[in-house]
K.L.:
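Pasting a structure below so you can have a look.
Below, chain A is the first sequence line, B the second, and so on; all start at residue 1. Computed from heavy atoms alone, side chains included, the values below leave out hydrogens, waters and symmetry copies.
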There are 2 protein chains.
Amino acid sequence: MALEKLARVDQRQSPTVVEIAKRAGCSIATVSRVLNRPETVAIDLRERILRIVDELGYVPNGSARALRSSRSRLIGLIVPTLDSAIFTRMLEGLESRLAPAGASLVYSATGYDLDREIRVVRNLIEKGVDGIVLVGSCHRKETLKLLREHRVRFAVTYALSEDVSIPSMGFDNRSGGALAASYLADLGHKNLAVIAGVTRENDRASGRLEGFLAMAERRGIDRSSIVVVESPYEFSRGRAAAKIILNQNRNVTAIFCGSDVLAVGALRACKDAGLSVPQDISMIGFDNLDIAEYLTPGLTTVDVPARLMGEQAANYFLADQNSLDIHSRVELETRLIVRQSTAPARDRQ
Amino acid sequence: MALEKLARVDQRQSPTVVEIAKRAGCSIATVSRVLNRPETVAIDLRERILRIVDELGYVPNGSARALRSSRSRLIGLIVPTLDSAIFTRMLEGLESRLAPAGASLVYSATGYDLDREIRVVRNLIEKGVDGIVLVGSCHRKETLKLLREHRVRFAVTYALSEDVSIPSMGFDNRSGGALAASYLADLGHKNLAVIAGVTRENDRASGRLEGFLAMAERRGIDRSSIVVVESPYEFSRGRAAAKIILNQNRNVTAIFCGSDVLAVGALRACKDAGLSVPQDISMIGFDNLDIAEYLTPGLTTVDVPARLMGEQAANYFLADQNSLDIHSRVELETRLIVRQSTAPARDRQ
DNA sequence: GGAAACTATGAAAAGGTTTACATAGCCCTG
DNA sequence: CAGGGCTATGTAAACCTTTTCATAGTTTCC
């Protein structure tokens, strides 16, 4: 006699829907229904099943669920890096919305390398994510091809894609840069410098720079007179870049930095050089990191709706794909936060 | 005649292992083998299959793979929050190791709420993660029960669990606190204050505080003379806490903060109060965030091997479970980074 | 009172892999 | 040259759900 057939289901094995059904005296289909659309099951049976689910500590198998329904409740996030804290707020916003809906966030970094982004995307597709949040609208053809061929929804953040068919929750980096230029012009600054992020294959960095230059020009400042340096987003790099600018261009009275991280470094360089901010040099950052308010002097900066972008992206992916009010293009605003690092122009020396 | 049977496989559908096998004229088992243990397949067949895989842009279905093999290549990370940048470095370290191995990181936040942690853990188990990285060794019974019952490997970071059967990659928060106390004693400070994190259900915050107090006592400073305030890890809260301390205890000459975030706020409070650091007040932080070096004055702080913990945790989960050299307890060191925010004691006023 | 329309449930297939087991061909060895 | 041990491949089951379709029972309506 096949004794093993009679052996009780191994207690130590995680229970499945079969075990639940057996105990509730119903079919697995009904158990599944209770778990997914409870209202379709008679109340007493439903409650009996739920009780058993609870008793056994049953947790559905996400892989099986995903395989069958082709929905994993996983959303991928691909950012260049979290090292410089710029994208952390978006990540938090995204997760804060996903979690209550039972969805999870899969995080990946590219290190600002678009080729690595291709591999990252492939990896996320393999994991079966329901959607991918990208930063910026500059990507390899291959990246987009992968996304299209595998029918993975995606959205762009931190920028607004020119192609309106691509969902984006972002802001116009150019206007952000323009905000800074405009304010410096208002203050009477004529000798400007920019420490931009690395603009190559980075539409955010180049947009901010372009917007700044264009507005400066409109305000009567000769574009070619503006000193521009590019620098990776690191404190030390901002410091080094500012040092060069201050040494080589003794008449510069204001510096616009493509990110607050660069600005922190640049502020330090001013101090190193014995220049005071804002008396000698005005400084404007970009991002409005939490720390900006706590620097000395408080950093004037362009606020980026980072958390909001994350939340909006989450909304987009959580919304029923056929829903009527699905916002696939959310245009958010930047605004200038004036603190103590900017003042009216005064000649240096 | 059933024409649809003859219809070519829908090009627009992602190809599966069946399609590959068909084109290569072999069985799906062989395709699977090529993908997982290539060395077991004859070289010419293997290469033919790989070529087809490439041509078709085949991407394996992770859900099916996970379902069958019960390995998802997903590692969960549960931290209180990323808002204060404390845990970001660990996250980056973890991801940087997981990605090359084809594994991905699923991020979740608890907001310092241990009950929410239970739900988060359940959710991650449902997603089928192969392992979970936790922060600290203080958790609800139910959390641990879930992990055990579902046989999910997990590890503790940012602390060393007392229970040696629980893998941990962390450091001793008490020694970290002791480092700070010891250094302040060396400098001759006798009137100390601590702005600790919220110690309730937080072994890291309480460990740091305890270690500080114990060492201070050992160095002849009466424990009861030390002013202790607890505060959530936010710039503004650190500022508020320091303000109270400075107002109510005019003789305090040194403040130890349970995190750099608190220290940034506290530095600001000193400035608000017209006190200079380090001449009037010495300040020590904890974490050694990147920003610490760029504050004015540069912040003396206890360095935490955050990135390393992430990397070590990744190593642990990536290692073959039966491997001999699997390090399930990695004890890392904190060290004091002396900058400009600390100086020998001088009476205030 | 009987057809029509619902409602609650069950049976069974499907989703794409991995893997235990079987097999066929080959090379050795005695 | 029989038989044993390899190696490379194939067959088919299993992983755990969701979902389509069928069915039995109940209500509704003329």
Side-chain angles (χ1 to χ4, degrees), chain A residues 4-5 9-10 13-50 53 56-74 102 125-130 150-151, chain B residues 9-10 13-50 52-53 56-74 102 125-128 130 150-151:
Chain A
E4 54 280 7
K5 286 255 166 124
V9 175
D10 186 357
Q13 206 68 13
S14 296
T16 75
V17 89
V18 173
E19 177 70 11
I20 310 274
K22 205 176 297 175
R23 299 208 183 190
C26 68
S27 77
I28 61 170
T30 301
V31 176
S32 173
R33 276 190 280 258
V34 167
L35 264 24
N36 295 299
R37 292 192 317 285
E39 70 283 2
T40 64
V41 175
I43 184 127
D44 46 347
L45 178 53
R46 184 201 315 171
E47 287 184 344
R48 179 151 41 101
I49 291 177
L50 284 177
V53 162
L56 264 56
Y58 167 76
V59 174
N61 179 314
S63 307
R65 176 177 279 196
L67 174 59
R68 180 59 232 233
S69 65
S70 53
R71 299 202 52 226
S72 63
R73 289 154 168 262
L74 250 30
I125 291 176
E126 185 168 335
K127 298 292 186 297
V129 294
D130 294 337
H150 291 273
R151 290 187 184 49
Chain B
V9 175
D10 186 358
Q13 206 67 12
S14 296
T16 74
V17 88
V18 173
E19 177 70 12
I20 310 274
K22 206 177 296 174
R23 299 209 186 192
C26 67
S27 78
I28 61 170
T30 301
V31 176
S32 173
R33 277 190 280 257
V34 167
L35 265 24
N36 295 299
R37 291 194 317 284
E39 71 282 1
T40 64
V41 175
I43 184 128
D44 47 346
L45 178 53
R46 184 200 315 171
E47 286 184 345
R48 178 150 41 100
I49 291 176
L50 285 176
I52 297 173
V53 162
L56 264 56
Y58 167 75
V59 175
N61 179 315
S63 307
R65 177 177 279 198
L67 173 59
R68 179 59 232 234
S69 66
S70 56
R71 300 203 48 226
S72 63
R73 289 154 168 263
L74 250 31
I125 291 176
E126 184 168 336
K127 297 293 186 299
D130 294 337
H150 291 273
R151 291 188 181 50

K.L.:
Between D:dC16 atom P and B:I125 atom CD1, what is the distance in whole Å?
P.N.:
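In whole Å, D:dC16 P and B:I125 CD1 are 15 Å from each other.
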K.L.:
Among C:dG16, D:dC16, C:dG15, which nucleotide sits nearest the side chain of A:N61?
P.N.:
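My answer, after comparing the listed nucleotides, is D:dC16.
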K.L.:
Both A:V31 and B:S69 contact DNA chain D. Taking the nearest nucleotide for each, which residue is further toward the 5' end?
P.N.:
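Final value for this comparison: B:S69.
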K.L.:
Could you give the NZ-to-P distance, from A:K22 to D:dC16, as a whole number of Å?
P.N.:
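Distance, rounded to whole Å: 12 Å.
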K.L.:
Assign A:T16 to base, sugar-phosphate, or nothing according to its heavy-atom contacts below 4.0 angstrom with the strands shown.
P.N.:
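If one applies the 4.0 Å heavy-atom cut-off, A:T16 turns out to touch the sugar-phosphate alone, with no base involved.
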K.L.:
For residues A:L45 and A:C26, report the shortest heavy-atom separation together with the two atoms involved.
P.N.:
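Heavy atoms only, the tightest pair is CD1-CB, 4.4 Å.
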K.L.:
Would you say A:Y58 reaches D:dC16's phosphate, i.e. side-chain N/O to OP1/OP2 under 4.0 Å?
P.N.:
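Indeed not, no polar side-chain atom of A:Y58 lies that close.
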K.L.:
Closest heavy-atom contact between B:D130 and B:S70?
P.N.:
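Distance-wise, the nearest heavy atoms are OD1-O, 4.3 Å.
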K.L.:
Whole Å only: how far is the CG atom of A:N36 from the P atom of D:dT19?
P.N.:
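In whole Å, D:dT19 P lies 7 Å from A:N36 CG.
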K.L.:
Check A:A64 against B:L67 and note the closest heavy-atom contact, atom names and distance.
P.N.:
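Scanning both residues completely, I find the closest heavy atoms to be CB-CD1, 3.7 Å.
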K.L.:
In whole Å, what is the span from the CG atom of B:L67 to the P atom of C:dA14?
P.N.:
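Atom-to-atom, B:L67 to C:dA14, this comes out as 17 Å.
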K.L.:
Tell me the interatomic distance from A:K127, atom NZ, to C:dT17, atom P, rounded to whole angstroms.
P.N.:
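Computing the A:K127:NZ to C:dT17:P distance gives 14 Å.
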K.L.:
Counting C-beta onward and ignoring hydrogens, is there a side-chain heavy-atom pair between B:V34 and B:I20 closer than 4.5 Å?
P.N.:
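Counting from C-beta outward, B:V34 and B:I20 never come under 4.5 Å.
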K.L.:
Is B:R65 close enough to C:dT18 that one of its side-chain N or O atoms is under 4.0 Å from OP1 or OP2 there?
P.N.:
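B:R65 to C:dT18 OP1/OP2: side-chain N or O found under 4.0 Å.
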K.L.:
Any side-chain N or O of B:S32 under 4.0 Å from OP1/OP2 of C:dT18?
P.N.:
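Result: yes.
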K.L.:
Would you kindly give the CZ-to-P distance between A:R71 and D:dT19, to the nearest whole Å?
P.N.:
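For the pair A:R71 CZ and D:dT19 P, the rounded distance is 10 Å.
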K.L.:
What string of B, S and - do you get for nucleotides 4-10 of chain D, 5' to 3', if B is base contact, S is sugar-phosphate-only contact and - is no contact with any protein heavy atom under 4.0 Å?
P.N.:
----SBB
K.L.:
Check B:S14 against A:H150 and note the closest heavy-atom contact, atom names and distance.
P.N.:
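So the minimum-distance heavy-atom pair works out to OG-ND1, 3.3 Å.
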K.L.:
Using whole Å, what does the distance between atom P of nucleotide C:dT17 and atom CZ of A:R68 come to?
P.N.:
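The answer, rounded to whole Å, is 15 Å.
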K.L.:
Let me confirm one number: the OG-CZ distance from B:S63 to A:R65, rounded to the nearest 0.5 Å.
P.N.:
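It is 12.0 Å, given to the nearest 0.5 Å.
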K.L.:
Would you indicate whether the side-chain heavy atoms of B:Y58 and B:L35 approach each other to under 4.5 Å?
P.N.:
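Contact flag for B:L35/B:Y58 side chains = yes.
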